Structure formats: structure tokens, C-alpha cells
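Chain identifiers are assigned alphabetically (A, B, ...) following the order of the sequence lines, protein sequences preceding nucleic acid strands; residue numbering begins at 1 within each chain. Keep in mind the model is a prediction, meaning the values are calculated, not measured.
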Amino acid sequence: MDLLRFFTAGNVDDGKSTLIGRLLYDSHSISTDIIETLTRQSKTRGENTTIDLALLTDGLRAEREQGITIDVAYKYFSTDKRKFIIADTPGHAQYTRNMFTGASTAQLAIILVDARNGITDQTKRHSIISATLGIPRVLLCINKMDLVAYSEERFNEIVSEYNVFSQLIGLNQVDFIPASALAGDNVVHRSERLDWFKGLPLLEYLETVETDQREQLEAARFQVQYVIRPQTENLHDYRGYAGSILSGEFHTGDEVQILPSGLTTRISRIESNLKDVPSAGKNQPIVMHLEDDLDVSRGNTIVPKNAAPVTERSLEATICWMDHAAFNSTQKFLLQQNSFRTKAVIKAVHSKIDIHSFRDLESDGSLNLNELAKVSIKTAEAVSFDPFRDLPKSGAFILINENTNQTVAAGVI
Amino acid sequence: MKDYLDELEAEAIYILREVAGQFDRPALLFSGGKDSICLVHLALKAFRPGKFPFPLVHVDTGHNFREALDFRDSLAAELGEQLIVRNVVDTIAKNKLQDAKGKFPSRNALQTHTLLDVIEEFEFDACIGGARRDEEKARAKERVFSVRDEFGQWDPKLQRPELWSIYNGKIEKGENVRVFPISNWTELDVWNYIKRENIQLPQIYFTHERECVITEHGQLMANNEFLNLDETDRIVTKKVRYRTVGDMTCTAAVESEAFTVDDIIAEISDAKISERGATRMDDRISEAAMEDRKKGGYF
């Protein structure tokens with residue numbers, strides 16, 4: 001069985017939490033004790049007829065009080081066909097950074113719109129975030145169809161408007177489903193009231209959708225997380241580099257280069273699952289051994305000798321500013337790319353991206369919470385990376401404020 | 001097609017190695033329960049043939065099941081890893097705290113004091129735990145690297161953004177990070193993994209006959225010396241097992257015929273009641289019970 005990670009985004013009242021609640025409820029993924037608790041809570045809130053499905057995902061006291069989602073909630077369910085991890089992300093502009101957190105690991109975005117309101121500024125913002133993060137596939141779920149009399153015409157209107165916009169921002173692949181989460185139309189069960197719609201209801205769509213791996217890169221990439229050196233009598237010379245393969249395949253005997261030093265050697269041994277193996281591939285945790293005793297430490301990248309990535313101290317990147325305090329040019333950062341860390345500064349803020357229209361806005365050098373911008377970064381040590389569009393695991397980084405330790409920006413190269 | 005257990009395993013090993021790479025004094029909180037036993041198994045895969053770069057730490061409430069404690073001791077000895085045990089009774093005496101009271105006296109809140117003390121004693125900067133996001137809705141909100149202030153408090157409104165597989169464990173002295181490598185696993189995933197990897201567990205996870213007290217909510221509590229029973233309580237002998245192994249005073253058994261891991265997987269797949277709902281008395285108190293405990297420094 002495989003695993004699909006998706007995130008959901010929508011306006012405050014688009015019924016996002018209700019949709020997830022419906023998905024879990026109608027697919028029998030909710031236990032009876034939780035339904036009992038919800039029934040009790042729904043009653044105390046005065047909605048005494050039906051269960052308030054939104055209460056399933058809004059897990060914090062403040063969220064329940066305000067009826068909004070503040071931070072990502074992760075939900076898990078599975079059917080006979082697939083296992084799912086949902087990141088339910090907040091829609092409010094002020095919580096955009098939390099949406100980035102939930103969206104960064106997703107293979108699919110479900111963006112909700114209210115059929116009455118159509119495409120709004122929020123819809124565009126959520127779509128632009130999906131495009132920036134290179135989400136392989138986007139589903140626009142047009143909800144509350146019950147409130148527009150299940151109108152096919154209204155659905156088509158929204159579809160054509162969104163198609164224009166999604167092309168402008170360069171979304172990879174977009175699908176559409178009309179639904180009513182509250183009434184249960186087209187979520188788990190096909191709806192007779194939407195009989196004009198020939199596509200799959202949401203759950204079947206999720207069970208079958210292919211999110212083709214955009215990761216084009218075939219060259220092998222490995223980053224060292226930790227050096228295993230038992231230093232015991234019988235393992236005196238053991239020195240293994242533990243880490244995860246980011247892309248491609250490594251074989252014993254391969255000629256490799258250590259970055260950023262540029263030193264070359266050969267792979268003498270690969271361990272996976274505590275056994276020696278002749279080769280190992282993408283996403284496998286391994287321990288790699290090298291023929292020569294070189295200076296290799298945490299954060300170093302190991303690549304084939306003849307297929308090295310860019311290794312530079314100057315980076316051009318698109319970043320999202322995530323700190324409440326605005327950027328100022330005296331700030332010093334740590335740039336972290338997986339396990340690699342180096343000191344960094346932002347040399348220039350070139351342009352900001354208007355998150356509603358996707359236009360480049362002229363920069364005044366400032367960066368405020370939740371803003372997207374194109375920047376130049378200078379690092380103390382050279383960063384080895386592949387462009388984000390070729391290998392997201394390599395072309396993504398965060399900036400940590402050296403003074404506060406906070407994660408203040410997320411970037412893609 | 002790749003199996004999802006491989007993906008979850010790779011993610012957990014990656015997180016454990018990040019802890020080893022980023023922190024000076026990490027610890028793995030180990031209770032002898034199935035989730036922390038899985039963590040130990042994952043740590044073997046992450047660090048062998050080296051030693052674990054952290055000790056195993058157990059906060060013993062004094063209300064633990066003997067079977068879980070014996071299992072804890074024998075596993076640590078078998079692996080040759082360091083085990084640090086600190087007792088809640090000692091904290092109660094030292095800090096002059098009020099012990100738990102009532103028919104089912106739960107030291108659940110008190111163990112936070114011992115946890116914070118042991119963190120201070122050894123200056124742990126990261127504590128790895130086996131909590132999962134599917135357990136409870138406040139947990140569903142927590143990051144994999146959850147930064148706590150010097151009082152161990154979780155601030156759910158000020159969590160660090162956590163993107164891709166990039167974990168920011170930078171902290172000031174005195175602060176610590178709680179790390180949850182199996183955040184994305186469900187109860188069923190844990191059992192499927194236990195089956196696939198043939199991981200050994202304490203016997204109380206499997207069906208056995210036990211004297212139980214029936215609570216007012218119909219839950220079955222093991223009859224034990226820590227309960228303050230009276231003549232109205234009815235003792236029955238049932239065939240039970242534990243879905244989660246916590247304190248004898250606040251963890252209920254479930255009636256079960258499950259002898260094997262396969263039986264348990266079948267049982268959970270059909271179960272209509274959640275793991276915590278079936279077994280925990282402490283979460284019934286309020287809908288924000290877990291959020292409040294975490295804000296106070298709890299795991």
C-alpha cells in the first residue's frame with residue numbers, strides 16, 4: 001500500500017474542516033468515543049441537531065473558541081487502497097507560515113472555494129503558495145454546491161476562471177470537483193444532485209490520483225547526517241557516514257566527490273538495514289564507507305565524481321518571510337539545507353511577489369511577515385545544491401535568526 | 001510501489017540521526033511500552049554498530065506494570081545501553097508535593113515534575129519520545145521538533161515553522177526540544193511495523209486473565225494495591241489485554257482474545273473506539289486536557 005500526503009487550504013468559511021470531517025466520518029475513520037465527545041461538544045455550542053465536523057480538526061482551545069484554524073493539524077486515515085496523511089492548514093493570511101509548514105511535505109493540494117464566492121484573493125494566495133512549493137498536483141474543490149442549487153453553469157464558470165489563473169502562475173496539474181461537504185455530496189459518495197459531473201467523487205479521486213514525481217534528477221545525491229565511530233576494540237577502524245539518499249543510486253566502487261571540499265575517493269561499502277548491500281537508492285537511510293580516510297563531516301554532500309551539483313556561496317532564491325519581526329539588513333542568519341548549516345546574510349531584496357496577482361512588485365528592501373520575495377543570499381561556506389524544480393530536497397532551505405534561533409524564512413533556489 | 005512502512009521508517013531514522021547530529025545531550029524517553037520499544041528498534045537501525053548517542057530515560061511513577069518494568073530492564077541490558085530511572089515518589093518527597101488521591105490516584109500530572117528534574121539533572125537538550133499525532137488532537141498540532149522553554153512549556157501559538165525535512169533544533173541553554181520521530185505513525189502502523197520487524201513486547205499487550213475493577217464509565221482497571229477501592233466495587237476476572245501501557249491507576253484494559261500480533265492487528269482494524277478513548281481516564285476530564293498538560297511541560 002502506498003502513502004499520499006496532501007494538504008487542504010481554504011477561506012475561513014469555505015468549510016474546509018467540515019470537508020475533512022466528512023471524509024473521515026463517511027469513510028468510517030472516526031471512533032465512536034470521539035463521535036460521542038463531538039456530539040457532546042456540538043451540543044454545548046448550540047448546534048444540537050448535527051455533529052459539528054469542524055471540531056474534529058480544530059484541536060486547540062483558541063481554535064475552537066474562535067472557530068478558525070490557527071496551526072496545521074495532521075490527520076490520518078486509510079482505505080483498502082491507500083494510506084493518507086492530511087495536513088489541515090489555516091486559511092488566514094496571518095497564518096500563512098503555518099500553511100507553508102503543512103504544504104511543504106505534500107504531494108497534492110486541495111484548495112477549497114465557496115461556490116457562491118468563486119475565486120477569491122485567498123484562493124489565489126493558496127495557489128501561489130502551491131506553485132512556489134512546486135506541489136505536483138492541485139485539486140480545486142468547489143464546495144457548498146448546495147447553496148448554488150448544484151448549478152453546472154456556476155461550476156464551469158469557476159473552472160474557466162481558475163484555469164486562466166493557474167496557467168499564469170505555472171501550476172503543474174489542476175483538477176476540479178464540485179461538492180457539498182455539509183450535505184455529503186461527492187465527498188465519499190457520488191451525488192445524484194451533481195449527476196452532470198462525470199468525474200470521481202473526492203475519496204475515489206484521492207485513492208487513485210497519481211502525483212507523478214517531479215523529481216527529474218537522476219544523479220545520485222547523499223548528505224551526511226551523522227558519523228558513526230564506535231571506537232571499540234573490534235570496530236577500531238569503523239567509520240561510517242550515516243544519512244539519507246536524496247536522489248539517484250549509489251554502488252560500492254563508485255567514484256565520488258565530497259562537497260564542498262571537492263576531495264575524491266571511492267565508496268568501499270554501503271550498509272542498509274544493518275546489512276551490507278551492493279547498492280542503495282533514493283530515500284533509503286544508509287551508512288556509507290569511503291576508501292580513503294578524508295575529512296568528511298555532518299552536512300557534507302557526497303555525489304558522483306562526474307555529476308556534481310552547483311556549489312556556490314552566492315544564491316538567488318525565492319523566500320517567504322516567516323518572522324513577526326520584519327527583516328533588517330543587519331541580521332545574521334544560519335542557512336540550513338537538510339543537515340548542512342552555514343552562516344548567511346541577505347545581500348539584497350530584489351522584488352516582492354504580490355501574492356494575489358503574482359506580479360513582481362518593486363522592492364523597497366523590506367520584508368514583512370508572510371511576504372514572498374526574490375533575494376540574493378551570501379553564505380560563509382559554499383552550498384551544494386540542485387535547483388528546487390529538479391530536486392526539492394536539495395534546493396530548499398530555511399533561514400534561522402542567529403540571535404533568536406527562530407526559523408524566520410523558507411526558501412527555494 | 002514502495003511500502004508506506006518503509007517511508008515511515010526512513011522518516012523516523014532520519015529524525016533520530018538529526019537529533020544525534022544537532023544536540024549535545026539528547027535522551028530517549030523509554031517506558032517499556034510499544035511506541036518507545038519501536039523507537040529503540042529504530043535507533044538500532046539508525047546507529048548500529050555504534051552505541052546510541054543517548055541514554056534511555058524512564059520516569060517511573062511507581063504505578064507501572066511489573067511486566068513493563070522487567071521488559072524495560074532486560075531490553076536495556078540486552079542491548080548494552082545506558083538506562084537512567086528516576087522515580088516520581090522521590091520527587092514527591094524532595095519537592096514536598098501532594099501525592100495523587102482518590103479511588104484511582106493518577107500520578108500523571110506529577111510525573112512532569114520528575115521529567116523536568118531529570119532534564120535539569122543531566123542537562124538534556126533534547127528528549128525523544130514516542131508520541132503520535134493520531135493519539136489526540138492537541139498532539140495532532142505539535143511539530144516533530146517541539147521547542148520547550150526552560151519550564152518545559154509548549155506554546156501552541158508560537159510554534160516554529162517546520163518545512164520539508166529541515167529541522168531547526170537551535171535553542172538557548174536551559175531550553176529543550178521534544179522530538180517525536182513517529183509523529184506520523186498511527187496505532188495500526190505501529191502494530192504492522194512490530195509484525196514486519198518481529199519486535200518483542202511485554203506480555204500485557206496480549207490476552208491474559210486478570211482481576212479487574214469496573215469503573216463508573218465501564219472501563220476495566222487492573223485490581224492492584226494502588227487503587228483505593230471500597231465495598232461497592234465489584235471485582236471480576238476477565239480475559240483482557242492492554243492497548244497502551246501507562247500507569248495501573250489510569251490505564252484501562254480492554255477485553256480481548258488476541259494472542260498474537262496478527263490477532264491484535266485484526267482487532268484494531270475492527271475497533272470502533274480510539275486507543276486513548278479505550279484506555280485513558282485522564283483524557284476524559286476535558287476536551288483540552290492534553291493541551292493543558294503540554295503547556296505545563298508534559299510530553
About how many Å separate CD1 of A:I85 and CG of B:L8, when rounded to the nearest 0.5 Å?
6.0 Å
If you count heavy-atom pairs within less than 4.5 Å of chain A, which of B:P161, B:P53, B:S165, B:G50 leads?
B:P161
Can you tell me how far apart CD (B:E135) and OH (A:Y76) are? Round to the nearest 0.5 Å.
10.5 Å
For B:R48, check salt bridge (Lys or Arg N to Asp or Glu O under 4.0 Å) against everything at least two apart and list the hits.
B:E81
Could you tell me whether the side chains of A:N405 and B:E172 share a donor-acceptor contact shorter than 3.5 Å?
yes
Report, as yes or no, whether the 6.0 Å neighbourhood of atom NZ on B:K45 holds more than 12 heavy atoms from other residues, nucleotides or ligands.
yes
Which atoms of A:Y238 approach chain B - backbone, side chain, both or neither, heavy atom under 4.5 Å
side chain
Exercise: identify the closest heavy-atom pair between B:P49 and A:I228
CD-CG2, 4.5 Å
Worked check of side chain to side chain contact (heavy atoms under 4.5 Å, CB included) between B:K170 and A:Q336
CA-CA 11 Å; B:K170 285 278 290 175; A:Q336 186 177 346; over 6 Å; no
Partners of A:K83 by salt bridge (Lys or Arg N to Asp or Glu O under 4.0 Å), sequence neighbours excluded?
B:D189
Give me the atom names and distance for the closest heavy-atom approach of A:N98 to B:R143.
OD1-NH2, 3.4 Å
Using a cut-off of under 4.5 Å for heavy-atom pairs, which of A:Q337, A:H324, A:M322, A:E402 has the most such pairs with chain B?
A:M322
In short, A:L3 meets B:Y4 closest at the heavy-atom pair CB-CB, 3.8 Å
Only pairs of heavy atoms separated by less than 4.5 Å count here; which of A:A242, A:S244, A:G102 has the most with chain B?
A:A242
Correct closest heavy-atom pair for B:P156 and A:D71 would be O-OD2, 4.0 Å
Closest contact, heavy atoms only, B:I166 versus A:A396
CD1-O, 3.7 Å
Which bit of B:L5 comes within less than 4.5 Å of chain A, counting heavy atoms only: side chain, backbone, both or neither?
neither
Tell me, side chain or backbone of A:I286 under 4.5 Å from chain B's heavy atoms, or both, or neither?
backbone
For the pair A:T105 and B:E11, evaluate side chain to side chain contact (heavy atoms under 4.5 Å, CB included) and give the outcome as yes or no after the intermediate values.
CA-CA 12 Å; A:T105 51; B:E11 182 178 76; over 6 Å; no
Working note: A:T101 + B:Q159, criterion side chain to side chain contact (heavy atoms under 4.5 Å, CB included); need CA distance, chi angles, decisive distance, verdict.
CA-CA 10 Å; A:T101 293; B:Q159 298 197 86; over 6 Å; no
Heavy-atom distance under 4.5 Å to chain B: side chain of A:R341, backbone, both or neither?
side chain
Segment of B:K51 engaging chain A (4.5 angstrom heavy-atom cut-off):
neither
Hey, is A:R298 close enough to B:E18 for a salt bridge, meaning N to O under 4.0 Å?
yes
Approximate separation, where rounding is to 0.5 Å, of A:I398 CD1 and B:Y167 OH:
11.0 Å
Which region of A:L274, side chain (C-beta onward) or backbone (N, CA, C, O), has a non-hydrogen atom less than 4.5 Å from a non-hydrogen atom of chain B, or is it both or neither?
side chain
Distance (rounded to the nearest 0.5 Å) between A:S339 OG and B:Q22 CD:
7.5 Å
Between A:Q225 and B:Y14 (side chain of the first, backbone of the second, donor and acceptor by atom type, cut-off under 3.5 Å), is there such a pair?
yes
Please round to the nearest 0.5 Å and tell me the distance separating atom CD1 of A:I400 and atom CG of B:N168.
3.5 Å
Nearest non-hydrogen partners of A:P285 and B:I13, listed with the distance
CB-CG2, 3.8 Å
Check the pair A:L133 / B:W164 against side chain to side chain contact (heavy atoms under 4.5 Å, CB included), numbers first and verdict last.
CA-CA 10 Å; A:L133 290 171; B:W164 301 291; 3.4 Å; yes
